[in-house]
A.B. asks: 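Just passing along the structure, written as C-alpha cells.
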Amino acid sequence: MKRIICGLLLLSFFMGIEKVEARANVTATSKVYTGSTFKASISVRDASMWEVHLSSSGPVKGCSFDDINYTADGGNGSKNYSVTCTTTGTGTVSLKLTGKTIDASGNQTGVSDSATVQVVERPKETPKSSVNTLNSLWVEGVSLDPDFNKDTTEYNVELEADVTKIQIGVTKSDSKSSVSGEGEKSVSEGMNQFNIVVTAENGSKRTYTIKAYVKEKEPINVMVGNDTLSVVRKREDLKKLGELYTETTVKMNEEEIPAYHGEKTNFTIIGLKNAEGEIQNYIYDESNNTYTLYEEYVSQKVSIFINYDKNPQIPTGYKKETIEIGERKIDAYKKEEKEFYLLYGMNTETGEYAWYSYDKKEGTLQRYIEEKETFSFDKYTKIIFIGLASFFAFFIAIIVALLIKIKQLKRTS
C-alpha cells in the first residue's frame, strides 16, 4: 500500500501542480584560484519529492549533478548535496540549478537558482627570506674580541671586577628576521656566556655567542712551598667533599672565604688555584697560617688522608718506595716478599690514624694489622729433633758411665 501511495505521489509530481511550497537552492564560494577546486552545495527543503539538475559553464569541469528522490515516509524532509568542481582557467563559472519539488500536501514548485564563481590567477608567492645574520653586535662600554663580522659567531669581552651588569645591543641585517638574547644581562666574577639567536623569516637560525669574563678582585695570594697560589672566592668553584664535611667560611684579608669543615678530622678545607687555573683543596691551619694539600683516597668505603708528618713507627722490614695512585705520586712502604704497600694516614670518617695496606693491582685499602712472627712446621720439627737427640745422647752417656763403673767394681772384688 505504501508503495502505491508513493507511486501516485510521484506521478502527480511529474504531472505538475500549480501551487509552490517546497524549495531548493545552490551556493558556492565567490572567488577561487585557477587550478583549484571548490564545492557547489545544493539544498532541498520542506519537500517530500524532488527532481534537481545542476549545470555549469565557464572554466570548470566535473560541475554537474542530477537526482530524483523522495522521503521514505512521504512526509516533508530536507536533503543536502555537495558537488566538487575543478577550475581549468580564469574567468567566471556560472552554476544553474533547475528542477521541481513537491511537498507532502501535493503542492509543487519549479526549481530555479544560480550562482557565480570568479576564477583568478593564483598570486605568485615571494620566497621567504633566509637571512639570519646581524648587521652589528656590541656590548656597551667595551670592545669585542675579535671585531664584529656577521660571519663570526663567537666573541670575548673582558670586564672590570666591579661590573655586575652589561648591555648587549644588536641591529639586524634583515628586517624580516627576529632576534632573542640581547638587552641587559647580569654578570658575576669569572666567565659568563650569552647567546644571541637570529631567526630568519624562513625559520633558519644562527647563534652568536659572547663570553664575558669579569676579572677577579685583587687576588689573595698565598705561598705553598715555592708556588704562589690564589684563594678561591666562589663556593661553586670548590671541589665537592663528602657528607662528613659541612659548609663554612673563614676570614682572610677581612673577607669571608668559602670553606668546608670536618667534625671528625677537625680540618678546615679551602680551595687554592695555581697559575694554570687548576683548583685543589687544601687544609688551612689558621693558627700556623699553613696549607696542606688535601686528597682523599677511597677504597671499599675506606677514605684516608695520607700524612706522614706524625712520624709513625715503620713496621719491621718495610722500605720506602714511591708509587702512583691516580695521577699523584705517593710515598709508600713495601717489604720485599710482599705484594701490597703500606700507607699511613687518617681515616676521615673516624679521625683516627693508622697504617693501611694498599693493593696496587686491585686498588683496594684495608687497615693493616702488624704481622706476628710465626714458626713453620719444619722449624718445629728441627727443634724437636735436636731436643730428642740431646736427650738420647745424655741417656746413652749415663748408661756407658754405669757400665764402666760396674766393670771396675768387679775387678776390685
Side-chain angles (χ1 to χ4, degrees), residues 122-222 224 227-240 247 249 252-259 270-282 327:
R122 186 183 299 274
K124 292 182 179 180
E125 291 188 5
T126 303
K128 291 184 178 181
S129 172
S130 62
V131 177
N132 57 10
T133 58
L134 292 176
N135 190 52
S136 63
L137 170 65
W138 68 91
V139 176
E140 193 173 299
V142 293
S143 299
L144 295 182
D145 180 25
D147 292 338
F148 177 74
N149 182 297
K150 68 177 183 178
D151 297 320
T152 302
T153 56
E154 289 195 8
Y155 299 90
N156 297 287
V157 295
E158 190 171 76
L159 306 168
E160 295 303 320
D162 58 349
V163 175
T164 58
K165 291 185 179 181
I166 61 172
Q167 186 72 32
I168 299 176
V170 302
T171 58
K172 301 182 293 184
S173 299
D174 186 347
S175 61
K176 295 178 182 178
S177 65
S178 60
V179 180
S180 63
E182 79 279 27
E184 186 177 82
K185 305 294 178 182
S186 296
V187 293
S188 58
E189 185 179 289
M191 187 62 71
N192 304 263
Q193 181 170 308
F194 304 101
N195 293 325
I196 297 90
V197 181
V198 185
T199 304
E201 185 185 23
N202 68 356
S204 63
K205 298 178 183 294
R206 184 188 298 258
T207 300
Y208 293 86
T209 299
I210 294 178
K211 294 180 179 179
Y213 180 76
V214 180
K215 295 179 183 178
E216 292 185 24
K217 298 176 183 178
E218 189 66 29
I220 300 174
N221 292 329
V222 299
V224 179
D227 298 323
T228 300
L229 306 179
S230 61
V231 176
V232 174
R233 287 183 163 103
K234 296 170 70 175
R235 183 169 297 280
E236 56 267 29
D237 291 340
L238 288 180
K239 282 191 171 183
K240 300 294 184 183
E247 294 182 358
T249 59
M252 301 178 71
N253 288 14
E254 302 303 318
E255 183 178 340
E256 294 292 333
I257 301 299
I270 65 170
L272 297 180
K273 180 168 59 176
N274 62 20
E276 289 72 39
E278 180 186 14
I279 295 174
Q280 295 289 334
N281 287 331
Y282 281 78
E327 299 179 355

A.B. asks: Mark yes or no for whether Asp147, through its side chain, and Asp145, through its backbone, hold a donor-acceptor pair below 3.5 Å.
C.D. replies: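 Not confirmed, Asp147 side chain does not pair with Asp145 backbone.
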A.B. asks: Checking Asn149 now: which residues fulfil side chain to side chain donor-acceptor pair (under 3.5 Å) with it, not counting sequence neighbours?
C.D. replies: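 Partners of Asn149 under the side chain to side chain donor-acceptor pair (under 3.5 Å) test: none.
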A.B. asks: Taking C-beta and beyond as the side chain, do Ile220 and Ile257 meet within less than 4.5 Å on heavy atoms?
C.D. replies: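 Ile220 vs Ile257: side chains touch.
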A.B. asks: For the residue pair Ser204 / Ser130, report whether a side-chain donor-acceptor contact shorter than 3.5 Å exists.
C.D. replies: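 Ser204 and Ser130 do not have a side-chain donor-acceptor pair below 3.5 Å.
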A.B. asks: Checking side chain to side chain contact (heavy atoms under 4.5 Å, CB included) for the pair Trp138/Thr171: CA distance, chi angles, key distance, verdict?
C.D. replies: CA-CA 9 Å; Trp138 68 91; Thr171 58; 4.2 Å; yes
A.B. asks: Apply salt bridge (Lys or Arg N to Asp or Glu O under 4.0 Å) to residues Arg235 and Glu247 and explain how you reach the verdict.
C.D. replies: CA-CA 9 Å; Arg235 183 169 297 280; Glu247 294 182 358; 3.7 Å; yes
A.B. asks: Quick check for you: to the nearest 0.5 Å, what is the distance between Met191 atom CE and Lys211 atom NZ?
C.D. replies: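 NZ of Lys211 is found 6.5 Å from CE of Met191.
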A.B. asks: Please check this pair: side chain of Asn192 against backbone of Ser188, looking for a donor-acceptor N/O pair closer than 3.5 Å.
C.D. replies: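 Side chain of Asn192 to backbone of Ser188: a pair is present.
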A.B. asks: Is there a side-chain contact between Glu158 and Val142 (heavy atoms, below 4.5 Å)?
C.D. replies: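 The answer is no, as the side chains (C-beta and beyond) never meet within the 4.5 Å cut-off.
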A.B. asks: Tell me the closest heavy-atom pair linking Val214 and Val163, and the distance in Å.
C.D. replies: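 It is CG1-O, 4.0 Å.
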A.B. asks: Can you name the nearest heavy-atom pair linking Leu144 to Phe148, along with the distance?
C.D. replies: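 Residues Leu144 and Phe148, closest heavy atoms: CD1-CB, 4.3 Å.
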A.B. asks: Can you check whether Asn135's main-chain N or O pairs, donor with acceptor, with Ser173's side chain at less than 3.5 Å?
C.D. replies: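 Yes, the answer is positive, given that a donor and an acceptor are paired below the 3.5 Å cut-off.
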A.B. asks: Between OG of Ser143 and CG of Asn156, what distance do you get to the nearest 0.5 Å?
C.D. replies: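 The distance works out to 12.5 Å.
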A.B. asks: Rounded to the nearest 0.5 Å, what's the gap from CG on Asn132 to NZ on Lys150? Could you check?
C.D. replies: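 The distance works out to 10.5 Å.
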A.B. asks: Nearest heavy-atom pair of Lys217 and Arg233: which atoms, and what distance?
C.D. replies: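 Taking every non-hydrogen atom into account, O-NH1, 3.5 Å.
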A.B. asks: Are the side chains of Asp227 and Asn274 in touch, meaning some heavy atoms are under 4.5 Å apart?
C.D. replies: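 No; the side chains remain at least 4.5 Å from each other.
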A.B. asks: How many angstroms lie between atom NZ of Lys205 and atom OG of Ser178, to the nearest 0.5 angstrom?
C.D. replies: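 With rounding to 0.5 Å, NZ (Lys205) is 6.5 Å from OG (Ser178).
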A.B. asks: Mark yes or no for whether Lys176, through its side chain, and Ser129, through its backbone, hold a donor-acceptor pair below 3.5 Å.
C.D. replies: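 Answer holds: no.
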A.B. asks: Would you compute the distance between atom CG of Asp162 and atom NZ of Lys215 and round it to the nearest 0.5 angstrom?
C.D. replies: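 It comes to 10.5 Å.
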A.B. asks: Using 30° and 60° as the class boundaries, would you call the ring planes of Tyr208 and Tyr155 parallel, tilted or perpendicular?
C.D. replies: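 Plane angle under 30°, so parallel.
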A.B. asks: Going by distance alone, is a donor N or O of one side chain under 3.5 Å from an acceptor N or O of the other, for Asn221 and Ser230?
C.D. replies: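 Note: Asn221 and Ser230 side chains miss the donor-acceptor criterion.
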A.B. asks: Compare every heavy atom of Ile279 with every heavy atom of Val232, then report the nearest pair and how far apart it is.
C.D. replies: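 For Val232 and Ile279, the tightest heavy-atom pair comes out as CG2-CG2, 3.8 Å.
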A.B. asks: Run through Val197, Thr199, Leu134, Leu137 and flag the one making a side-chain contact (heavy atoms from CB on, under 4.5 Å) with Val179.
C.D. replies: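 Running side-chain contact (heavy atoms from CB on, under 4.5 Å) over Val197, Thr199, Leu134, Leu137 with Val179 returns exactly one hit, Leu134.
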A.B. asks: Over all heavy atoms of both residues, which pair between Asn281 and Gly271 is shortest? Give the atoms and the distance, please.
C.D. replies: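 Of all heavy-atom pairs spanning Asn281 and Gly271, the closest is OD1-CA, 4.4 Å.
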A.B. asks: For a quick test of reading the model, state the closest non-hydrogen atom pair linking Ile270 to Ala259 and the distance between them.
C.D. replies: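 So the minimum-distance heavy-atom pair works out to CG2-CB, 3.8 Å.
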A.B. asks: With heavy-atom distances below 4.5 Å as the criterion, would you say the side chains of Phe194 and Ile166 are in contact?
C.D. replies: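 With C-beta onward as the side chain, the pair touches.
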A.B. asks: So, taking the atom named NZ in Lys165 and the one named CG in Leu159, what distance separates them when rounded to the nearest 0.5 Å?
C.D. replies: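 The distance works out to 14.5 Å.
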